[in-house]
2 protein chains.
Amino acid sequence: MISQTEENYLKVLYNLTSLKGEASVNDISKQLDIKMPTVNSMMKRLAEKKLVVYESYKPLKLSVEGKKLAALIIRKHRLTEMYLVEKMGFGWENVHNIAEQIEHIQAPEFFDKMDELLGFPKVDPHGSPIPDADGNIASDNYLKLSDCKVGESVTFMAVQPSSEDLLKFLTSRELSLGLELKIKQIEPFDGSMVISYANKENEMLSSKVCDKLLVSKKSKKK
Amino acid sequence: MISQTEENYLKVLYNLTSLKGEASVNDISKQLDIKMPTVNSMMKRLAEKKLVVYESYKPLKLSVEGKKLAALIIRKHRLTEMYLVEKMGFGWENVHNIAEQIEHIQAPEFFDKMDELLGFPKVDPHGSPIPDADGNIASDNYLKLSDCKVGESVTFMAVQPSSEDLLKFLTSRELSLGLELKIKQIEPFDGSMVISYANKENEMLSSKVCDKLLVSKKSKKK
DNA sequence: TTATTTTGTTAGTATCATCTAACTTGTTAA
DNA sequence: TTAACAAGTTAGATGATACTAACAAAATAA
């Protein structure tokens, strides 16, 4: 058996390693706001459980098994977020904290039921892919809005990483997933972009925002 | 702050004391399958937090505050059970374990939303009353089916206590809440009853079952 | 009413998940 | 290339939640 605490370490390690394949004790420490020695001993424990690859003074990796387990926790988190938004009427900026708790529920039938009621969704309310029941996750090959060029027209696919403040901001601008964004102008000085979408003309978005909006060029559906 | 473990002790104590107003260390120990010394020290801890009234060698009671807190946990449990049955399609015999975990979620808006989506229900799927947001609980003055007499006609209002096996049994006999039960016969030897309801004629129910079915004489609605 | 059994309590131990202090290893900058 | 700093590790402490063993009080039976 694996505790909620251990699950949280796995999940954070999964997210941290998804970029470079490895992470440091220090990274996890900062992410979870837990002191390094605590993280260190937890990593040793998870290594004994064959979920983490640990060698003194070397970067941390998840084992294959650890990666699968983490993906299944993330599956529960994202299914829950989707359920909260689609079936219960919560806003996409209010579901993270609830999902953070519900992801630890041990009842496969509960999450299977959500999945079914939702029609087996592929992504969560923020556009992040939902791992399947075997822990396999589709890689979204989206690009950052901030990497696009003037004149391009792209589809808004995901927010990553999605903080509550950012999501509130996007809501206030009526910026929701699936919209066609037309890049009208890019300010060379600070990288902020002027975008048109839906019935909005020439809305200004800072580079900090554009950095977190993921888009696809050929407007994909589903 | 109160831990999940502490919440479980409070809840069990609430249920045990709801009959006689007090409970013993031994009762809790058996209920939770936790050894007496552990229960003992937990009671002292809860007494320090002013949730339990503890005196050496005396029966345990909940304080007013402890009673309210316990009722609010039970509120979350019962709302969840109702939600699982009404909105997600679970059977009434399969919701207890899931609700047992979800009752510890710290997110009032989550339970408020359930309440609202359910139309502010007064009882859970097993007929037990749902405490209100202040922790007040309506007392159901039902009687046991086993205390009724031949010839009486009563309404099936609740199952208490409701084990998974009992609920499955009731489902298999198509015995659901709200039905009119006509008591045809009572076997003096073992107290088993012969009952007619819906399109069923003369179904035999053991006294062990009849002991756990709560009924009202004047068929109440809602 | 005394003896026996059940219930409650104390004391001491273990594990998990956290911490601080101190030391070691690795990295970076003078 | 060594001195300083950052990152990683070890050791030891703490609080929460469990345990067993041993003892004390209360309830029950002989």
Side-chain angles (χ1 to χ4, degrees), chain A residues 1-17 19-62 66 69-70 73 100-101 103-104 106, chain B residues 1-17 19-62 66 69-70 73 100-101 103-104 106:
Chain A
M1 247 306 103
I2 181 164
S3 71
Q4 283 197 196
T5 309
E6 290 170 327
E7 288 194 345
N8 284 329
Y9 280 92
L10 278 187
K11 201 178 48 147
V12 164
L13 189 48
Y14 185 96
N15 287 327
L16 286 171
T17 54
L19 306 168
K20 299 156 288 176
E22 17 180 81
S24 71
V25 171
N26 201 22
D27 292 340
I28 300 177
S29 172
K30 282 171 185 155
Q31 195 75 28
L32 287 173
D33 194 25
I34 284 174
K35 295 291 180 293
M36 286 214 298
T38 307
V39 174
N40 192 271
S41 53
M42 181 57 90
M43 288 305 110
K44 285 179 167 179
R45 184 132 57 86
L46 291 175
E48 270 177 18
K49 295 189 177 183
K50 307 287 181 200
L51 300 172
V52 162
V53 181
Y54 174 88
E55 283 179 279
S56 277
Y57 296 105
K58 295 214 175 140
L60 299 158
K61 291 179 219 174
L62 280 171
L69 235 170
I73 298 161
E100 201 75 2
Q101 297 180 67
E103 72 191 6
H104 301 294
Q106 300 292 328
Chain B
M1 245 306 103
I2 181 165
S3 71
Q4 284 198 195
T5 309
E6 289 169 328
E7 288 194 345
N8 284 329
Y9 280 92
L10 278 186
K11 200 178 47 145
V12 163
L13 189 49
Y14 185 95
N15 287 327
L16 287 170
T17 54
L19 307 167
K20 300 154 288 176
E22 19 179 78
S24 70
V25 171
N26 201 21
D27 292 339
I28 301 177
S29 171
K30 282 170 184 157
Q31 194 76 27
L32 287 173
D33 194 26
I34 283 173
K35 296 290 179 294
M36 287 213 299
T38 307
V39 174
N40 192 270
S41 53
M42 181 56 91
M43 288 307 109
K44 285 179 166 179
R45 185 132 56 86
L46 291 176
E48 271 178 18
K49 294 190 177 184
K50 307 285 181 205
L51 300 172
V52 163
V53 182
Y54 173 89
E55 283 178 279
S56 277
Y57 296 104
K58 294 211 176 146
L60 300 158
K61 289 178 219 174
L62 280 170
L69 234 170
I73 299 162
E100 200 76 3
Q101 297 179 67
E103 71 192 6
H104 301 295
Q106 301 292 329

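Sequence lines set the chain letters: A, B, ... in the order given, protein chains first and strands last, and positions in each chain run from 1.
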- Message: Between A:Ser56 and A:Ile34, which residue's closest nucleotide on DNA chain C lies nearer the 5′ terminus?
- Response: A:Ile34
- Message: Can you tell me which residue among A:Lys11, A:Gln4, A:Glu7 is in a side-chain hydrogen bond (donor to acceptor under 3.5 Å, both in side chains) with A:His104?
- Response: A:Glu7
- Query: Looking at the side chain of B:Val25, which of C:dT18, C:dA17, C:dT9 is the nearest nucleotide?
  - Reply: C:dT9
- Message: Tell me whether the side-chain N/O atoms of B:Tyr9 come closer than 4.0 Å to OP1 or OP2 in D:dA16.
- Response: no
- Query: Base, sugar-phosphate, or nothing for B:Ser41, non-hydrogen atoms under 4.0 angstrom?
  - Reply: nothing
- Kindly point out which of D:dC19, C:dG8, D:dT9 is positioned nearest to the side chain of B:Lys35? D:dC19
- Task: Compare all side-chain heavy atoms of B:Leu69 with those of B:Leu62 and state whether any distance is below 4.5 angstrom.
- Result: no
- Query: More than 12 heavy atoms of other residues, nucleotides or ligands under 6.0 Å from NZ of B:Lys49: is that the case?
  - Reply: yes
- Task: State, without any angle test, whether B:Asp27 and B:Ser24 hold a side-chain donor-acceptor pair at a distance under 3.5 Å.
- Result: yes
- Would you kindly give the CG-to-P distance between B:Leu46 and D:dA16, to the nearest whole Å? 12 Å
- Could you check whether A:Lys30 gets within reach of a base, just the sugar-phosphate, or nothing at all, counting any heavy atom under 4.0 Å? nothing
- Item | Phosphate-side-chain proximity, A:Arg45 and C:dA17, N/O vs OP1/OP2 below 4.0 Å | yes
- Query: Within the pair A:Thr5 and C:dC16, is there a side-chain N or O less than 4.0 Å away from OP1 or OP2?
  - Reply: no
- Task: Check whether any side-chain heavy atom of A:Leu60 sits under 4.5 Å from a side-chain heavy atom of A:Leu13, and report yes or no.
- Result: yes
- Task: Please determine if a side-chain N or O atom of B:Ser24 lies less than 4.0 Å away from the OP1 or OP2 oxygen of C:dT7.
- Result: no
- Of the candidate nucleotides C:dG8, C:dC16, C:dT18, which contains the atom at the shortest distance from the side chain of B:Asn40? C:dG8
- Report yes if a side-chain nitrogen or oxygen of B:Tyr54 is closer than 4.0 Å to either non-bridging phosphate oxygen (OP1 or OP2) of C:dT9; otherwise report no. yes
- Query: Of the nucleotides C:dA11, D:dT17, D:dT9, which has the atom closest to the B:Pro37 side chain?
  - Reply: C:dA11
- Message: Side chain of B:Tyr57, heavy atoms from C-beta onward: which of C:dT10, D:dT9, C:dT9 has the nearest atom to it?
- Response: C:dT9
- Message: Report for the helix from C:dT1-D:dA30 to C:dA30-D:dT1: angle between first-end and last-end helix axes, five pairs each, rounded to 10 degrees.
- Response: 0°
- Message: Among C:dA17, D:dT17, C:dC19, which nucleotide has an atom closest to any side-chain atom of B:Met42?
- Response: D:dT17
